[in-house]
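Inspection log for the structure reproduced underneath, given as structure tokens.
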Amino acid sequence: MTPQEVLQQYFGYDTFRKGQAELIGAILSGRDVLGIMPTGAGKSVCYQVPAMLLPGLTVVISPLISLMHDQVRALRENGIPAAYLNSALDEMAYRQTLAAVYNGGVRILYAAPERLETESFARIAAEVPISMVTVDEAHCVSQWGQDFRPSYLKIVNFLQMLPRRPLLSAFTATATKEVAEDIVRILGLHDPYSVTTGFDRENLYFGVQQPRDKFRALMEILQEHEGESGIVYCLTRKLVEEVTDKLNENGFHARRYHAGLPDAERAQNQDDFLYDRVPVIVATNAFGMGIDKSNVSFVVHYNMPKNLENYYQEAGRAGRDGSRADCILLYAPGDVRTNQFMIEKSNDNDQLDELTRTRLREKEQERLKLMTFYCTRHECLRNYMLRYFGENAHNFCGNCSSCRANYEPRDITVEAQKIISCIYRLHQRNLHFGVTSIIEILRGSKSERYEKFHFADTLSTFGIMADVPEKQCREIVDFLLMENYISKTDGEYPSLTLNRKSAQFLKDHPKLIMNIVKEEQPSSRRAERNLPDDVNAELLAILKAECAAAAKKEGVPSYIIFTNAALQDMARKIPTTEMAFLAVSGVGRVKLEKYGTRFLRVIRDFKADHMKGNS
Ligand code: ADP
Ligand code: ZN
């Protein structure tokens with residue numbers, strides 16, 4: 001068989017994605033490889049396809065038991081003899097698996113790195129011909145990375161123990177140059193064929209909203225995504241509780257997840273989410289490690305996270321099967337303070353000396369600032385992120401809220417002068433106000449609060465922005481704060497103050513340009529976009545239900561049977577014969593045998609009922 005045939009027969013895909021064919025070709029020609037590809041790009045296929053073509057066993061080292069579980073189930077569903085060895089197996093199952101490995105009944109064996117030191121593995125190493133060792137999440141071997149796992153160093157010992165050096169392949173989604181070098185050096189990859197496909201996830205829509213009422217905005221998003229699976233991230237446990245309760249009060253089904261919950265409840269909630277018994281999980285950033293649910297259609301951030309690394313990782317849990325998905329961040333200026341506070345109070349680095357800790361904090365504050373720019377600058381969000389991660393990017397992606405909204409660059413030099421002079425004049429009179437008051441004064445508020453100051457008669461800047469809507473004033477003030485043209489004092493009632501940059505600005509008045517929304521985009525656009533035009537939505541809903549029923553019977557999450565991407569392709573091609581069913585992306589030989597009859601019946605019934613005369 002050729003790699004292409006394996007891809008078609010077992011995985012049900014017609015063509016390789018970017019990087020896959022090259023990596024597979026290199027492996028089959030006997031070279032070590034290093035694949036750096038973003039989440040959802042299809043790294044697994046890169047070692048699973050060759051594993052079916054190499055003569056001996058492929059051992060896959062993977063750090064997370066839950067991921068192994070999923071991968072093995074999915075492979076078996078495709079008719080590929082795969083198994084795993086980890087602490088989750090009872091003794092009986094462990095022995096059965098070992099026996100299958102010895103007599104050649106397993107082609108792909110997943111194991112956690114800790115397993116490699118066990119006696120059973122020493123025996124496998126001695127008795128079973130191993131063609132390839134694949135290291136998944138290979139960045140865990142590097143101390144540069146955030147996820148260093150000392151147990152990954154055991155891989156090296158294991159390799160040395162083998163009578164013949166197998167091929168080595170290593171994969172990761174996140175590797176800076178240093179980390180990539182570490183992977184090659186520490187694992188001892190021989191002149192590896194390397195592929196880096198870039199960070200971009202084209203199927204993800206990125207959006208930032210700054211709603212007056214976050215909860216309401218959240219409900220709107222959930223309504224648009226009815227019947228789909230999604231994650232809502234909050235910054236604090238307290239907020240997780242609040243949002244979950246309010247959602248359930250409002251008729252949405254949601255579960256909570258954070259590190260403060262009893263283990264049993266946490267595990268239960270996670271499982272209910274994975275098995276689609278509940279569509280939405282509200283969580284702190286504790287949720288997600290080792291979650292490989294491929295049919296997550298949206299990730300909402302109820303708060304801005306503290307940096308773009310975290311954001312991209314969390315948002316990236318949407319759309320792993322390649323179908324379109326939404327990543328929406330609900331921003332409020334208050335999120336900045338909460339994060340600042342959390343950074344100041346964090347004691348993650350207790351063991352470090354004071355100086356290093358201060359440096360790390362400064363670095364964190366800097367990252368926070370760049371995260372905030374993501375939310376406030378109205379630049380193309382995708383490209384802002386790609387540049388942050390060190391890639392070249394264009395200025396327009398067409399699939400983010402900035403590119404889709406009607407932003408227009410506007411010269412705000414005059415407004416900035418007015419705002420800064422107003423603060424300046426007030427300071428001359430020893431008066432200090434916060435954002436809201438300053439805006440009220442600029443817009444000439446008649447509130448009693450200001451009567452005693454007689455601003456109308458004595459303050460030249462009183463009411464000079466009466467013609468600018470309040471919301472826009474606020475946007476401009478936020479912009480000036482972000483760009484450091486003005487500052488805010490600390491404390492419970494922060495007031496606006498001037499700094500060196502303000503003075504410089506009043507002196508030189510350089511031109512200031514800011515992107516301003518011309519018109520709010522209708523929120524329904526997202527939902528429309530999420531389903532490609534040629535997909536029959538009605539049939540899709542029926543197929544999803546059928547898939548859920550089949551999954552329930554098998555006791556697996558439904559995405560193990562068919563991914564959303566596969567179901568969408570089915571509702572696009574509307575196959576009524578076995579041949580046509582096999583042409584659906586994600587339907588291989590085994591899936592056809594197992595589920596063909598059942599799904600074809602549903603599709604034929606649908607066609608008979610709904611599409612008379614147009615087939
Ligand atoms: P990664 O490990 O890189 O995050 P996966 O290997 O889990 O990504 O693949 C993501 C999804 O893409 C899976 O649903 C997988 O079946 C699918 N996929 C992989 N390769 C292809 C391909 N060539 N064509 C279509 N879908 C693919
Ligand atoms: Zn864009």
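Order of listing sets the numbers, starting from 1, for every ligand and every atom in it.
Annotation: protein N, O or S atoms under 2.8 Å of the Zn ion (ligand 2) (waters excluded) comprise Cys380 SG, Cys397 SG, Cys400 SG, Cys403 SG.
Between Phe389 and Tyr312, the ring-plane angle classifies as tilted under the 30° and 60° cut-offs.
Cation-pi check for Lys293 over Tyr559 is not met; the charged atom does not lie both under 6.0 angstrom from the ring centroid and within 45 degrees of its normal. Annotation: cation-pi pair Arg377/Phe373 present, NZ/CZ under 6.0 Å from the ring centroid and within 45° of its normal.
In this structure, Tyr331 has its ring center no closer than 6.0 Å to that of Tyr374.
Applying the 6.0 Å contact sphere to CD of Glu202 captures no more than 12 heavy atoms from other residues, nucleotides or ligands. Within 6.0 Å of the CD atom in Glu178, the count of heavy atoms belonging to other residues, nucleotides or ligands exceeds 12.
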Check ligand 1 for close polar pairs with the protein: N or O on both sides, less than 3.5 Å.
{"from": "ligand 1", "atom 1": "3 (O)", "to": "Ala41", "atom 2": "N", "distance (Å)": "3.4"}
{"from": "ligand 1", "atom 1": "3 (O)", "to": "Gly42", "atom 2": "N", "distance (Å)": "3.1"}
{"from": "ligand 1", "atom 1": "3 (O)", "to": "Lys43", "atom 2": "N", "distance (Å)": "2.9"}
{"from": "ligand 1", "atom 1": "3 (O)", "to": "Lys43", "atom 2": "NZ", "distance (Å)": "2.8"}
{"from": "ligand 1", "atom 1": "4 (O)", "to": "Gly40", "atom 2": "N", "distance (Å)": "2.6"}
{"from": "ligand 1", "atom 1": "4 (O)", "to": "Arg320", "atom 2": "NH2", "distance (Å)": "2.8"}
{"from": "ligand 1", "atom 1": "6 (O)", "to": "Lys43", "atom 2": "N", "distance (Å)": "3.4"}
{"from": "ligand 1", "atom 1": "6 (O)", "to": "Ser44", "atom 2": "N", "distance (Å)": "3.1"}
{"from": "ligand 1", "atom 1": "6 (O)", "to": "Ser44", "atom 2": "OG", "distance (Å)": "2.5"}
{"from": "ligand 1", "atom 1": "8 (O)", "to": "Gly42", "atom 2": "N", "distance (Å)": "3.2"}
{"from": "ligand 1", "atom 1": "12 (O)", "to": "Arg17", "atom 2": "NH1", "distance (Å)": "3.2"}
{"from": "ligand 1", "atom 1": "12 (O)", "to": "Arg17", "atom 2": "NH2", "distance (Å)": "3.2"}
{"from": "ligand 1", "atom 1": "16 (O)", "to": "Tyr13", "atom 2": "OH", "distance (Å)": "2.6"}
{"from": "ligand 1", "atom 1": "20 (N)", "to": "Gln20", "atom 2": "NE2", "distance (Å)": "3.0"}
{"from": "ligand 1", "atom 1": "23 (N)", "to": "Thr15", "atom 2": "O", "distance (Å)": "2.8"}
{"from": "ligand 1", "atom 1": "23 (N)", "to": "Gln20", "atom 2": "OE1", "distance (Å)": "3.0"}
{"from": "ligand 1", "atom 1": "26 (N)", "to": "Arg17", "atom 2": "NH2", "distance (Å)": "3.1"}

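Donor-acceptor pairing under 3.5 Å is lacking for the side chains of Gln270 and Tyr275.
Residue Leu34 comes nearest to Pro192 through the heavy atom pair N-CB, 4.2 Å, listed as atom of the first residue, atom of the second, then distance.
The CD atom of Glu181 sits 11.0 Å away from the CD1 atom of Ile186 when rounded to the nearest 0.5 Å.
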